[in-house]
Asker: 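I'd like to ask some things about the structure below.
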Amino acid sequence: MTNKSNNGFNTWQKSFEKETKKNFSDAISETDEGINIKPVYTKDDMENFSFVEKYSLPGQWPYTRGPKASMYTNRPWTIRQYAGFSTAEESNEFYKKNLESGQKGLSVAFDLPTHRGYDSDDDLVMGDVGKAGVAIDTVEDMKILFNNIPLDQMSVSMTMNGAVLPVLASFIVAGEEQGVDRSLLSGTIQNDILKEFMVRNTYIYPPEPSMKIVADIIEFTSKEMPKFNSISISGYHMQEAGADNVLELAYTLADGMEYVRAAMSKGLDVDDFAPRLSFFFAIGTDFFMEIAKLRAARTLWAKIMKDFGAKNERSLILRTHCQTSGVSLTEKDPYNNIIRTSYEALSAILGGTQSLHTNSFDEAIALPTDESARIARNTQLILQNETGVTKTVDPLAGSFFVENLTEELSKKAWDIITEIEGLGGMTKAVKAGIPKLKIEESATKKQAKVDSGSRVVVGVNKYKNPKEPSVDVRVIDNNRVRDDQIKKIQAIKESRDTTAVKKALANLTNAAKDETNLLVPCIEAIKLRATVGEVSKALEQVYGRHFAKSLSVSGVYGKHFEGDKEFMKVESKIKEFENVNGRRPRVLVVKMGQDGHDRGAKIVATSFADMGFDVDMGPLFQSPKDVAKDAIENDVHAIGVSTLAAGHKTLVPELMKGLKEIDPKSKIVVFVGGIIPEQDYEFLYENNVSAIFGPGSNIIESAEKVIDLISDNLSKE
Amino acid sequence: MELVDKIIKGERAAIAKAITLVESSKDSDQQISRQLISELIKKPGKSIRVGFSGPPGVGKSTFIESFGSYLVSQNYKLGILAIDPSSQITGGSILGDKTRMVEISKNPNTFIRSTPSRGTLGGISMGTREASIILDAAGYDFIFIETVGVGQSEIVASNLVDIFTLIVGPGSGDELQGIKKGITEYADIFIVNKNDGELKMEASKTAADYKSALSYYKKLDELEKQVLLVSAIEQTGMEDVIKTINQIIDQNKLKGIFDERRADQLEYWIEEEVKNIIASDITNRLTSKGNIPKYSEKVMKNEMSMYEAVETITKDTLKQ
């Protein structure tokens, strides 16, 4: 630092301290990632970089500034809205409408039974059919889904991980029956199983065979589908589950490294498949951090791939899809979500994403309506057409702050990547449950910051709307969808060549016993009209179904509330309860059906325990009947049902029935939390639900309500 | 008592409520539970009580899921009392055991109850013994008591069961040094879990280590301790476990050891209970008299030695 600049800074610092009446060092704030943010950055903050190269150019090593030289100046990012619900017919209609209104690519959301490899007629999935995505049971559904959408021209992204084999096979066969050769199909299959074990839980098989399937798909697509991205390595769901940006970045890239190794173990050369690896990140509300994350991701990936010996430049380049954060949306004052999503979208664009999904403002409540989907799409159209952001590539390059943040994020992520590699890679780390626990810890911290008011969420813990607007939501009649699907399955089963199907499924089971690429026999079975469930079961015979161990953090939430009045009030109510009743209040926290998003359930469990509840955790994917047995055997005072996939209208009444069947006098208090449209509140209350907590509910207040409900209930006896 | 009939009929909610009563720290609940237990012991069932203990992370719950599934498939009724170790000093507990017992928890022939250990010695909670009496009366064939093995806890746990099993992991041979002392006193079966995949060799070696160590410690008139290899994940070795349990029980019954053991255990619990009552009584007296601060001050001022103070306080306290 020259004397001159030093003097300049000192003068600035004096003025700053005078204006703010604060020491400079007290004005430094810490982010969730543990990065210190200073009130000003200077050119001295651009020194001593070990990852970022200061004067690099777009489309050049280390690709910090973007995968291409021209970026949006040549062609803007792809507006790719993720959608799907109900039956294939209805989703198809919705897609066609969107394409007419300016959307460029498709992104298919499947329902939970499809993800988990169950047919719609399976008893286990009663409440979930067609709810959080479209139900696909056979190739016939897939054909309807893309009816009048030419698959040689439309790039299709499919969020599928668990049942990736039958679904990709159905897509290939649907294409062929449309007259499109598989070599012409373009798009992406998510095929990222590792993050499922960490956060999203829509896996089917244990980690090792699941990794084999991933490698099979990379191998097959690299040979036969040159325009198709074999994997979308996803950090999105990690951030949604509460990971901070460093964790998201590090675990995603570490996952990527594991997939590269898996593919190389099949004898593929790294350059054979690496250009077809794609990424998927979440863009939350921390504006500059998100921009820096995308820049850091490209920088680190280039380094990683070089270390793998990649020679083709395209192997070094990280291309990514982004989606604005779902977890940043609030149920309270929901129109604020349009504004949140707009800033997040701008972040993704300034970070240089290749495609983007913008959430609809009503997604904290239900599936988007036609109208809310239109607003979400227009958010991007306005950015592309009105703001001028497409005219300059990487406009924030050279910003002292953004460059420094890019370097800091890279460093921190690299430390974690090194740690994971030291453990023997991500498959091993995932099996040991380490990333899952770290993410849950981060999630609990974030929740505590909001509940304690140290982080402001407009309309939720500050500036609340005294007159909450009511919002129209899309309602799915899942019983009707299920009946429709069952009829279709029955018709297909009657018309197909059953012997040939059985033989094809047996072939598939045999193939799973050795090293054969499973996609080939899978395509054969699907062509013969085997169902997604049948194909999944054929493999399950060899691999078994995976059940996750559940580890929990404790003490993380409570730590944020030392001396907090509200927290202590609940604590003392619980102590009082224990004195009166001879034991602590006991709550069973459950997820029912095929919905594996367990961030909410985990946060409730750990924070309730920190306040003094005894909390029973149920396994994932329980049926209402199992939950009832569990609750009664442990004589819990209350059951907390966490639901994010819209199955509550079927599953909650079933639970009530289950409780009464075992114990007609059951006095267990049932409360529900998660994504529940207000229109359903009445229905749930009529079914004896005692309380409903939507997204953004304050956990301490919720806990107090629960303990009060339990006490009231006991005093009635 | 109405509750007694319902328990004997096997009504799930009644069994659950009864366990809540025996675990309760409330005086009125304790009175009812004493009455309840004295009625239930008049109508004993035929349960065999099996203890499973072992260090954290060794796969106890997964083993119980696997072994339990095997038992219910053989039409046995199975009660499980899981003492969940995840207790905290402040705050409540997170009871996560059942997340690893997915299949058996669904089965109508099981009853699974988790209890927070509250940091009591080795996690045996107040009421575990009584809970097993309740499940026995309710007609369960086997009652599993699952505890975390730390330090002395095995001794307490082993006094609750007819057969005591220690689950260990591959490569735990080194730990053997530490737990050798008295190991033959309380464990009847040693199960080496994780006999699968990469760990198979290591598991076999560990089993051999245990066998040789145990033969060294074997007393003349004792049954040979059994060492079994299982894989909870691959569900192998489960028939061996039940066969071994049945063998030991049969032999013990034949030789009268079975009843003798239950009698010894009863003595143990009577002694423990009396000690507890006396100890809490003495503590109350000590606190109410405030002798300790008084004499401690004298010792500090060198007016008397610590031993004299101890003697005086003891005499004074017991005199009452």
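Just so you know, these numbers use all the heavy atoms, side chains as well, and skip hydrogens, waters and symmetry mates. Residue numbers begin at 1 in each chain, while the letters A, B, ... track the order of the sequences.
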Asker: Under a 4.5 Å heavy-atom cut-off, does chain A meet the side chain of B/D27, its backbone, both or neither?
Answerer: neither

Asker: Give a yes or no on whether the backbone of B/G92 and the side-chain of A/D614 come within a donor-acceptor separation of less than 3.5 Å.
Answerer: no

Asker: Looking at side-chain heavy atoms only, is the closest gap between B/T20 and A/R586 below 4.5 Å?
Answerer: no

Asker: Any chance you could measure A/E661, atom CD, to B/R12, atom CZ, to the nearest 0.5 Å?
Answerer: 12.0 Å

Asker: Can any side-chain N or O of B/K98 pair as donor or acceptor with the backbone N or O of A/P619 at less than 3.5 Å?
Answerer: no

Asker: Give the member of B/T110, B/N107, B/I15 that has the highest number of heavy-atom pairs under 4.5 Å with chain A.
Answerer: B/T110

Asker: Write out, in numerical order, the residues from residues 624-637 of chain A with a heavy atom short of 4.5 Å from a heavy atom in chain B.
Answerer: A/D626, A/K629, A/D630, A/I632, A/E633, A/N634, A/D635

Asker: For B/S114 and A/D616, which heavy atoms make the closest approach, and how far apart are they?
Answerer: CB-OD2, 4.4 Å

Asker: To the nearest 0.5 angstrom, please state how far the CZ atom of A/R583 sits from the CG atom of B/D29.
Answerer: 9.0 Å

Asker: Could you tabulate the donor-acceptor pairs under 3.5 Å formed by side-chain atoms of residues 229-236 of chain B, not counting sequence neighbours?
Answerer:
residue : atom : partner : partner atom : Å
B/S231  : OG   : B/D196  : OD2          : 2.6
B/S231  : OG   : B/E234  : N            : 2.9

Asker: Is any residue of residues 587-595 of chain A within less than 4.5 Å of chain B by heavy atoms, and which ones?
Answerer: none

Asker: Tell me if a side-chain donor or acceptor on B/S25 pairs with a main-chain N or O of A/G582 at a distance below 3.5 Å.
Answerer: yes

Asker: Is it the side chain or the backbone of B/I112 that comes within 4.5 Å of chain A heavy atoms, both, or neither?
Answerer: both

Asker: Measuring heavy-atom distances to chain A, does B/E103 have an atom under 4.5 Å in its side chain, in its backbone, in both, or in neither?
Answerer: side chain

Asker: Is it true that, when you exclude B/E239 itself, more than 12 heavy atoms of the residues, nucleotides or ligands shown sit nearer than 6.0 Å to its CD?
Answerer: yes

Asker: For A/K665, give me all partners under side chain to side chain contact (heavy atoms under 4.5 Å, CB included), at least two apart in sequence or on another chain.
Answerer: A/D663, B/K6

Asker: Go through the atoms of B/S28 and report whether side chain, backbone, both or neither lie under 4.5 Å from a heavy atom of chain A.
Answerer: neither

Asker: Is the count of non-hydrogen atoms from other residues, nucleotides or ligands lying under 6.0 Å from B/K77 atom NZ greater than 12?
Answerer: yes

